[in-house]
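The basis for the numbers below is simple: all heavy atoms, side chains too, and nothing from hydrogens, waters or symmetry mates. Letters A, B, ... mirror the listed sequences (proteins, then strands); counts begin at 1. These numbers were taken from a predicted model, which means no experiment stands behind them.
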There are 2 protein chains.
Amino acid sequence: MKVTYKGDYALKTILDLALHYDKELVTTHDLAVRIDAPIKFLEQVLSELKKGGFIESRRGNVGGYMLARKPAKITVGEVIRFIDGPIEPIACLKGEYANCSDINKCVFRKVWEDTTKAISGVIDNVNFDDLVSKVKSQQEEPIYSI
Amino acid sequence: MKVTYKGDYALKTILDLALHYDKELVTTHDLAVRIDAPIKFLEQVLSELKKGGFIESRRGNVGGYMLARKPAKITVGEVIRFIDGPIEPIACLKGEYANCSDINKCVFRKVWEDTTKAISGVIDNVNFDDLVSKVKSQQEEPIYSI
DNA sequence: TACTTATCCTATCTGCTTAGTAGGAATTGT
DNA sequence: ACAATTCCTACTAAGCAGATAGGATAAGTA
Ligand code: FES
Ligand code: FES
């Protein structure tokens, strides 16, 4: 599993849209500023997220993006898999491995299967409602630094 | 985390040497045949494993390789980290990430930290004595196929 | 000493992926 | 008409994965 910049931008995008859920549309420009991403690169990420059914858009003068589903219905795992591909740590488990001739004989296979489950156990159990709550509770926190 | 062919060859190398532990030296040629790796590529892997203190070698006519430690004292995690680098799923946690300006504010950070721990929980708890036992028990199994 | 069989060392290469850039077409409100 | 926006396609620079190539060095043996 590798989370690329693209994946990171996608997650931050969904989170930003989740924070604006049921309020206003978010433009690529504003998003790019807030999540600190190159706008032209972000455009491509947004295009993919739309194809993936995560977000919806409105074109034209007062256009922008919004979530296609409730934040609670989108998990980190879903987004990462869609943008960065399978979470399996080795090509073998994705069925693209020449060396895995006899699946039943390789004693490492179970290790990678367990690893995959362990990763899934984390990222498939965090949704964007959880994250929105976390952001909001962070904002309420008092500031102790001077 | 990504396990490359190099990492896979390294693991299979250690396992093969573990199976020959305290018996005979293993040559690159024999190893390459058994684990199905290009010999010249495997040479480089062996060189790295030696530098990493996993294996020892003897040069010359009757040379070859052997484990530098007991199989039980080598874990899958150790080998993978040495050959394929840090297991963290995102550059951010490796300290090579421009976008992680305020570490305390990014709500995704905990997700990646938890993911790292989950992976570690698997690969750092499998050693090569476990794997040797598994190979041997597999060999003892009756064959049900015709 | 010559020969063989090994490890050891360094350079090079090809294809793929990542992260980004570039330029403009299409859409919509004012 | 104009401005602001999404949408679409192509291109590029850098790095990495997975080798390949060619030999130098070491050690046992006839
Ligand atoms: S080669 Fe496929 S699991 Fe090991
Ligand atoms: S940007 Fe560093 S953890 Fe999110």
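- In this structure, A/L46 and A/N61 both approach DNA chain D, and ranking their closest nucleotides by distance from the 5' end singles out A/N61.
- Between D/dA26 and B/R58, no contact under 4.0 Å exists linking OP1 or OP2 to a side-chain N or O.
- A donor-acceptor pair under 3.5 Å is absent between the side-chain atoms of A/D16 and the main chain of A/T13, judged by distance alone.
- B/N127 and B/T75 share no donor-acceptor pair across their side chains, judged by distance under 3.5 Å alone.
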Determine, step by step, whether B/I14 and B/K12 satisfy the side chain to side chain contact (heavy atoms under 4.5 Å, CB included) criterion, reporting the C-alpha distance in whole Å, the side-chain angles of both residues, the deciding distance to 0.1 Å, and the verdict. CA-CA 5 Å; B/I14 302 288; B/K12 287 174 177 168; over 6 Å; no
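- The nearest whole Å value for the distance from the CG atom in A/L25 to the P atom in D/dC7 is 11 Å.
- Helix bend of the helix from C/dT1-D/dA30 to C/dT30-D/dA1: the angle between its two end axes, each built from five pairs, comes to 10° after rounding to 10°.
- As a whole-Å value, the separation of B/Y5 OH from C/dT17 P is 13 Å.
- Looking at B/T115, its side chain does come within 3.5 Å of a backbone N or O of B/V111 through a donor-acceptor pair.
- Counting atom types as modelled, A/Q44 pairs a side-chain N or O with a base atom of C/dT21 as donor and acceptor under 3.5 Å.
- Applying the side chain to side chain donor-acceptor pair (under 3.5 Å) test to residues at least two apart or on different chains, the pairs with a partner in residues 58-73 of chain B are B/R69-B/E78.
- Donor-acceptor pairing under 3.5 Å, judged by distance alone, is present between the side chain of B/R59 and the base of C/dT7.
- As a whole-Å value, the separation of B/M1 CE from D/dA17 P is 14 Å.
- The closest side-chain heavy-atom distance from B/L93 to B/E113 is below 4.5 Å.
- Residue side chain B/K2 does not reach the base of D/dG18 through any donor-acceptor N/O pair under 3.5 Å, judged by distance alone.
- Between the OH atom of B/Y9 and the C1' atom of D/dA19 there is a distance of 9 Å, rounded to whole Å.
- Contact annotation: A/S57 side-chain N/O to D/dT5 OP1/OP2 distance is not under 4.0 Å.
- For A/E48 and C/dT18, the CD to P distance is 11 Å, given to the nearest whole Å.
- Checked by distance alone, A/K6 brings no side-chain donor or acceptor within 3.5 Å of a matching partner on the base of C/dG20.
- Within the 3.5 Å criterion, the main-chain N or O of B/T116 finds no donor-acceptor partner in the side chain of B/S120.
- Between the base of C/dG23 and the side chain of A/K40 there is a donor-acceptor pair shorter than 3.5 Å.
- The nearest whole Å value for the distance from the OH atom in A/Y65 to the P atom in C/dT27 is 15 Å.
- Nearest to the side-chain atoms of A/V62 among the listed nucleotides D/dG28, C/dG29, D/dT5 stands C/dG29.
- With C/dA19, D/dA19, C/dC8 as the choices, the nucleotide that has an atom nearest any side-chain atom of B/P38 turns out to be D/dA19.
- Using a 4.0 Å heavy-atom distance criterion, B/S47 is classed as making no nucleic acid contact.
- Of the side-chain N and O atoms in A/T4, one or more sit less than 4.0 angstrom from OP1 or OP2 of C/dA19.
- Rounded to whole Å, atom P of D/dA4 lies 19 Å from atom CG of A/L31.
- Remark: P of C/dT7 and CD1 of B/I39 are 7 Å apart, rounded to the nearest angstrom.
- For B/D114 (side chain) and A/V122 (main-chain N/O), no donor-acceptor pair under 3.5 Å exists by modelled atom type.
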